[in-house]
Amino acid sequence: MAKLSSEERALFPLTDIDGVVKLFKLHLEKNSEPNLAILSIIVGHIENTLTCSRGVTEPPVSYEDEFSEGKYSDSHHVLPCVEYETVEALHQRFLAIIKAHVDVASFGSPRYATRELVKRISDVVWCTLSSSYYKDRAHLQSIYSYMTGAKLDSSGTTLAVVAACQALGYYDVHLALSEDHTWVVFGDKGQHTVEVTWHGKGNEDKRGIPVTHDVYSKSWLYVNGQPVVCNRHMEVATIVSNMNPGINATTDSEEVMLLQQALLWMLYDAGHLTKYPMAIDNLGDLEEMMPSKGRAPATRMYEEAITSAVRYYDNQHVYPYTYLGGYCYRNKLYKQALKYWAQAASVIKNYNYSRDDEEIYKEFLEIANELIPHIMRVVSSGISARSILKDPECFGYLLEFYDGICEWEEGSATPVLHIGWAKALFNTIAKFDAHVRSHVKIFCVDPDSSDVTEEPEQPTLEKTAAEARSSQDQNGNMAADCTAFTEEELDPSEMMHRWPPVRLASAKMRGLRDLLLADKLNSQAISLQLTAQSQVTMTKKRGSIGGEVESSHHVGRSKRSRRD
C-alpha cells in the first residue's frame, strides 16, 4: 500500500479542485496500490465540510445559467483547506484501530485473505461504529466519517473493510458492487465471496456468509451474479462516485459537484470507468446539469453505461436504462423515454421479486404510476395530441414495459402488481384508440410450451456487445459518435403504416392480449387479470436481508436523476 510521496505531499495544503485532481492523478499513475484510506479521507473531508457544516444561506444552483457553456467562476473551484497533517493523523488513527484489533498471526499469517480474517476485520469495523445514529443518512460513506464520527453507511462499511485489508497487506481483497448492495471478493484469483455489511437493520449476523449461487440466482440485489468487481483503481472510482453533494433536500454544493465531475473525468480518461456503468451514469448526470466545454454530451455517457452493462455484465443491470429514460423524460423525448423504460423492464424480468428490491420497485412504481401518466396528460391535449398517442410503436413499448414487470413477478414469493398498477395501466392504454392498438403485432411466447410460432427477430446480446467493442477507442472508452437525441416527428397517417412487433412472454400479459386489442376496453376484466395471483410455481428464496435505503450512488439513484 502506497503512502504519499514527497512530490504528493508538496501539493498540500489542498485549496482548490485542480490541486485535488492533480494529487489523485499523480497518486494513481505512480502506484498500482493507491491508498484507499487516504484518498477517502481527503474527499470525505471536503464533502463533509461543504455539506454537513454549511448553513444554507445561498439560493439553489442555477445550472442552466452559469454552467451552460462550461464557464465556472473561480469561487466554485475554491475548496476548504485540507492540510497534510490532518489527513495523516486520521490515516494513522485508522491504521491504529485495525492493527490493534486484528492479529494476523492468530490466523496463521496466510498469504491470501481468508473468510475468517475478513470476517474479523468486518467485526472490528462494525464494533467501533457509534450505535446512536441512523445508518441510511447521507455523507457516511467515507473513512473520514468513520474517523471523525464513528459513522458509516453500508457501502462505507464495505470500503473500510477493503481499506483495512489493504493496510494489513492483503491486496487480494476487493469490492463487489451491485446496484443496491456491496460485498467483498478475495483469494488469489478473487474466487471467494463474503458479506461484510448489512442490507436492512438488525441483520449484522449476515456478515461472514458467502454469496453463493443460491443467494444470487435471480436476485436483483446481487445482479444475478454479475456485480462490478473492482480493482484498486475502480475502488478509487467508487470513492469518487459515492460523493454526495447534497446540503439538504433541495440544495447541492456546487464545489462538491465540480470536484466529483473533474475527478470522474480524470478516471474516465485513464480508462478506469470502462467497466463501471453506475460511475459513467453519475458522470452523465453531472454533465447534464453542468456541461463541460469540449466534452461529450450527457447522452453519450448514458449510452456508454448501457454498452458497458451489456458487454461486461450480460445486460443484467437495470439503472443504465432508467438513467437514460429519465433523461429523455426530462427533455420531453417521450417516445424514447418509453423505449428505454421498456428496456429496463426487459432486464428486471430476469429476476424474481423480493422484499430486498425496495429501491428498484420504487423506481418502476414511479415510472408506471407517475411519469407515464404525466406523459399521457401532456400529449393528450393541444397540438401534442397528434404525437405519440397516434404511434403504434409507443403502445408497443408500453406493453413491453408491463410484460417485463409481470415476468418479474412470476416465480416470486411476493406479488408486485396491485390495483394501483392496474388503474395506471388501464388509464394509459385507454389514451390509445382502437385503430392505433390494432396496428401492434403481438406475438405470445409461452416458455412452458414447445410450440414454435412466428416471432419478430430480436437483437441478440452478442450483436450488441460486438457493436460496443467496435466503438471503443484504444483506452477502452467508447467512440465519440452518439445518437442524435431528438424526438421523431411523423405525420399520423405515416404512423399508421407501421406494424411494430411486440413479444409478450408473461402469463398475465399473454392473457390480456385480446382485451388490449379490443375495440372497447374492459376496465374490470383488465384489472382482475393484472392483479390476479400468479399461477406459476413459487420459488423458495433464502431469508430476506432486509430493505435498507442506502445513501451512496450505486445503491439507488442520485436524487437529481429522479427530478421532473
Side-chain angles (χ1 to χ4, degrees), residues 321-322 325-326 328-330 332-346 348-349 361-382 384-409 415-442 487-488 492 495-496 498 500-506 508-532 562 564:
Y321 295 101
T322 58
C328 294
Y329 172 83
R330 291 188 293 273
K332 297 180 174 57
L333 304 172
Y334 294 137
K335 179 175 180 178
Q336 294 194 52
L338 294 175
K339 172 186 175 181
Y340 288 112
W341 289 336
Q343 291 181 4
S346 74
I348 202 64
K349 72 182 181 182
Y361 174 85
K362 290 190 296 186
E363 188 84 15
F364 281 113
L365 185 67
E366 179 185 36
I367 292 170
N369 291 12
E370 296 181 30
L371 305 189
I372 292 177
H374 174 73
I375 291 174
M376 294 300 109
R377 289 192 295 270
V378 169
V379 301
S380 295
S381 59
S384 295
R386 301 177 65 243
S387 60
I388 67 174
L389 294 182
K390 303 299 182 182
D391 191 343
E393 286 185 340
C394 292
F395 182 64
Y397 293 146
L398 286 171
L399 298 187
E400 291 172 346
F401 173 78
Y402 280 98
D403 186 57
I405 301 298
C406 290
E407 281 201 80
W408 185 28
E409 182 182 68
V416 174
L417 300 159
H418 51 66
I419 190 62
W421 289 85
K423 288 181 178 179
L425 169 62
F426 178 81
N427 291 336
T428 297
I429 63 175
K431 299 290 186 181
F432 294 85
D433 62 41
H435 184 54
V436 176
R437 288 184 277 112
S438 68
H439 274 66
V440 175
K441 297 175 65 177
I442 296 179
E487 194 75 290
E488 182 181 34
M495 291 180 183
M496 286 301 100
R498 296 184 173 186
V502 174
R503 180 180 181 272
L504 300 181
S506 68
K508 286 186 176 181
M509 290 301 289
R510 296 200 316 268
L512 281 173
R513 180 186 184 279
D514 293 337
L515 292 172
L516 295 171
L517 298 180
D519 289 343
K520 185 176 181 180
L521 296 173
N522 186 326
S523 172
Q524 186 176 16
I526 291 174
S527 296
L528 287 173
Q529 171 70 10
L530 198 66
T531 58
R562 289 174 181 249
D564 291 348

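In what follows, every heavy atom counts, from backbone to side chain, and hydrogens, waters and symmetry copies are set aside. From a predicted model like this one, the values you see are computed outputs, not experimental measurements.
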Item to check | Stepwise side chain to side chain contact (heavy atoms under 4.5 Å, CB included) test for Leu389 and Cys394 | outcome: CA-CA 7 Å; Leu389 294 182; Cys394 292; over 6 Å; no
Item to check | From CA spacing to verdict: side chain to side chain contact (heavy atoms under 4.5 Å, CB included), Met376, Ile388 | outcome: CA-CA 9 Å; Met376 294 300 109; Ile388 67 174; 4.0 Å; yes
Checklist entry - After noting the C-alpha distance and the side-chain angles of Trp421 and Phe364, does the key distance pass the side chain to side chain contact (heavy atoms under 4.5 Å, CB included) rule? => result CA-CA 10 Å; Trp421 289 85; Phe364 281 113; 4.0 Å; yes
Next on the checklist: Please determine whether side chain to side chain contact (heavy atoms under 4.5 Å, CB included) holds for the pair Ser438 and Asp519, giving the CA-CA distance in whole Å, both sets of side-chain angles, and the decisive distance to 0.1 Å.
Outcome noted: CA-CA 9 Å; Ser438 68; Asp519 289 343; over 6 Å; no
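Nearest heavy atoms, Val502 versus Gly396: CG2-CA, 3.5 Å. Closest heavy-atom contact between Leu521 and Leu516: CD2-O, 4.0 Å. Nearest heavy atom pair, residue Tyr334 against residue Val379, reads CD1-CG1, 3.9 Å. Considering every non-hydrogen atom in both Val416 and Glu409, the closest pair reads N-OE2, 2.8 Å. Residue Thr531 comes nearest to Ala422 through the heavy atom pair CG2-CB, 3.9 Å, listed as atom of the first residue, atom of the second, then distance. Considering all non-hydrogen atoms of both residues, Lys508 and Ala532 come closest at NZ-O, 2.8 Å.
Separating the CD atom in Glu363 from the OH atom in Tyr321 is a distance of 15.0 Å, to the nearest 0.5 Å. Summarising the geometry, atom CG belonging to Leu512 is positioned 7.5 Å from atom SG belonging to Cys406; distances are rounded to the nearest 0.5 Å. Annotation: the span from Ile372 atom CD1 to Phe401 atom CZ amounts to 4.5 Å, rounded to 0.5 Å. To the nearest 0.5 Å, atom CG of residue Leu371 and atom SG of residue Cys328 are 12.5 Å apart. Residue Glu400 holds its CD atom at 15.0 Å from CH2 of Trp341, rounded to the nearest 0.5 Å.
Between Lys520 and Asn522, the closest side-chain pair of non-hydrogen atoms is not below 4.5 Å. Between Trp408 and Tyr361, the closest side-chain pair of non-hydrogen atoms falls below 4.5 Å. Considering only heavy atoms from C-beta on, Ile526 comes within 4.5 Å of Ile429 through its side chain.
Proximity of a side-chain donor or acceptor of Arg510 to a complementary backbone N or O of Leu504 within less than 3.5 Å is not detected. Using modelled atom types, one side-chain atom of Asp403 and one backbone atom of Ser506 make a donor-acceptor pair closer than 3.5 Å.
Taking the ring-ring contact (aromatic ring centres under 6.0 Å, His included) definition, one finds that Tyr402 meets it with nothing, sequence neighbours left out. For Phe432, the ring-ring contact (aromatic ring centres under 6.0 Å, His included) partners are Phe395, not counting sequence neighbours.
A salt bridge links Lys390 with Asp433: the distance from a Lys NZ or Arg NE/NH1/NH2 to an Asp or Glu carboxylate oxygen falls below 4.0 Å.
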